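These values consider heavy atoms only, across backbone and side chains, with no hydrogens, waters or symmetry-generated copies. Just so it is clear, the model here is predicted, and its values are computed rather than measured. Just follow the structure's listing: the first ligand is 1, and inside any ligand the first atom is 1.
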Amino acid sequence: MPQYNRQTFDQVMIQNYIPANFIPVKGKGSHVWDQDGKEYIDFTSGIAVNSLGHCPDEIVEVLKAQSEKLWHSSNWFTSEPTLALASKLVQHTFAERVMFANSGAEANEAALKLARRYAVDNYGYQKSTIISFKQSFHGRTLFTVSVAGQPKYSDGFGPKPADIIHVKFNDLASVKAVIDDRCCAVIVEPIQGESGIIPATAEFLQGLRQLCDENNALLIFDEVQTGVGRTGYLYAYQKYGVTPDILTTAKALGNGFPISAMLTTTEIAKSFSPGVHGTTFGGNPLACAVAEKVIDTIADDQFLTQVNLTSALFKAELTKLNEQFHLFKEIRGEGLLIGAELIEKYQGKASDFVKVAAENGLMILVAGPNVLRFAPALNISEQDLLQGVDRLTKTLKCFA
Ligand SMILES: *Cc1c(COP(=O)(O)O)cnc(C)c1O
């Protein structure tokens, strides 16, 4: 047995995760190998992170080159990769201004703080209400768990930040009922990820845009999971045709190298004047060099067209599987962020499927207790996809 193994995890790690029984040691493209040399097809991409697959040659090259130039300099100095990445994000989105951080939660923390500060600067302290949605997920800092709509993640940590209202997702009437001129921001995931891959309707997002405008509230899109090509668009807002005031992006931005960004307009960005918010690592040259290459690769019409083709193929295969086994109540999602909700009989059992899939050489995820989540690399080849589907077939057979 290797010196460090799954038992080591139980001995030295804080037990806030329950990782799989196998330990991946190597990845290339959509393939992963564990300590025993067993090979897996990866339909997880490290939770929609390794969107260009594992260790893509062109990114490894950039990482190596930058690693010999400059890793970190702090935000007392800016860097060329930082400016290049920010310029490209501005070029490809609604945004005029960018601030970097290291994780999705941090980008959302920045977005929420910016919205509160913008309201204070422009309207006064009474404008502090944040409206968010039940079952939403925005990260694990105290502010972001409090804003998100899952009490299991926010209870038990003492007093929470105040003036946060949770209402029903995809239900405009419930937003109308609570929004007024004391609201500083509405924060929403265009597709609720962690709670089961639940897409917002276009009317809902359009309605939020209108309600925010009527009440001088900022609309924040949390695109931490949906961003960077995952839905077949660079950002999901571009698919919906609804432009937010603030957008957060993380997961796939560095293809596994930690980096996140908050995008906004020049006007709103004024409220983060010197010293108001900051980070030590955010926007460091190493992370930004990698992310710039990721954006160069994914913000490309041909690349995104291919994502949509792969999505159509994958959904067709899943539909066929369901005609065979009848295990899914619904298959939903956009691009390569796909959820398959299990039928009544298997409610609460999604993680059992994940275990059997691993035995069959396939890595998949859950999104809540009832939904299987598939988030393969955006550039997965048809051959790898079909091989994964084959292993999924074997897996589903065990439950049918
Ligand atoms: C993953 C996720 C986050 C949190 O990102 P971290 O990098 O884990 O902090 C926030 N919002 C959404 C929608 C996510 O999917």
Shortest protein contact, [atom] (heavy atom only):
atom                    : result
atom 10 (C) of ligand 1 : H138 C, 3.3 Å
atom 7 (O) of ligand 1  : G104 N, 2.8 Å
atom 11 (N) of ligand 1 : D222 OD2, 2.7 Å

Against heavy atoms of [X], which atoms of ligand 1 measure under 4.0 Å?
X    : value
G139 : 4 (C), 10 (C)
E189 : 13 (C)
S103 : 7 (O), 9 (O)

Point to revise | Within 45° cone of Y346 ring axis and under 6.0 Å: K349 NZ or CZ | key: no
Can a side-chain donor-acceptor contact be found between [Y] and [X] if the only test is distance below 3.5 angstrom?
X    : Y    : answer
D163 : S128 : yes
T395 : N360 : yes
S51  : R230 : yes

Check your understanding: Which atoms form the tightest heavy-atom contact between A236 and P190, and what is the distance?
Key -> CB-CB, 3.9 Å
Check your understanding: Counting heavy atoms only, which of K251, Q225, E106 is nearest atom 2 (C) of ligand 1?
Key -> K251
Point to revise | Neighbour count >12 (heavy atoms, 6.0 Å) for atom CG, D301 | key: no
Review point. Which part of N108 is near ligand 1, with near meaning a heavy atom under 4.0 Å away: side chain, backbone, both or neither?
Key: side chain
Check your understanding: Quick one: does ligand 1 sit under 4.0 Å from the side chain of A105, the backbone, both or neither, non-hydrogen atoms only?
Key -> both
Review point. Say you draw a straight line from OG1 of T93 to CG of L234; how long is it, rounded to the nearest 0.5 Å?
Key: 8.0 Å
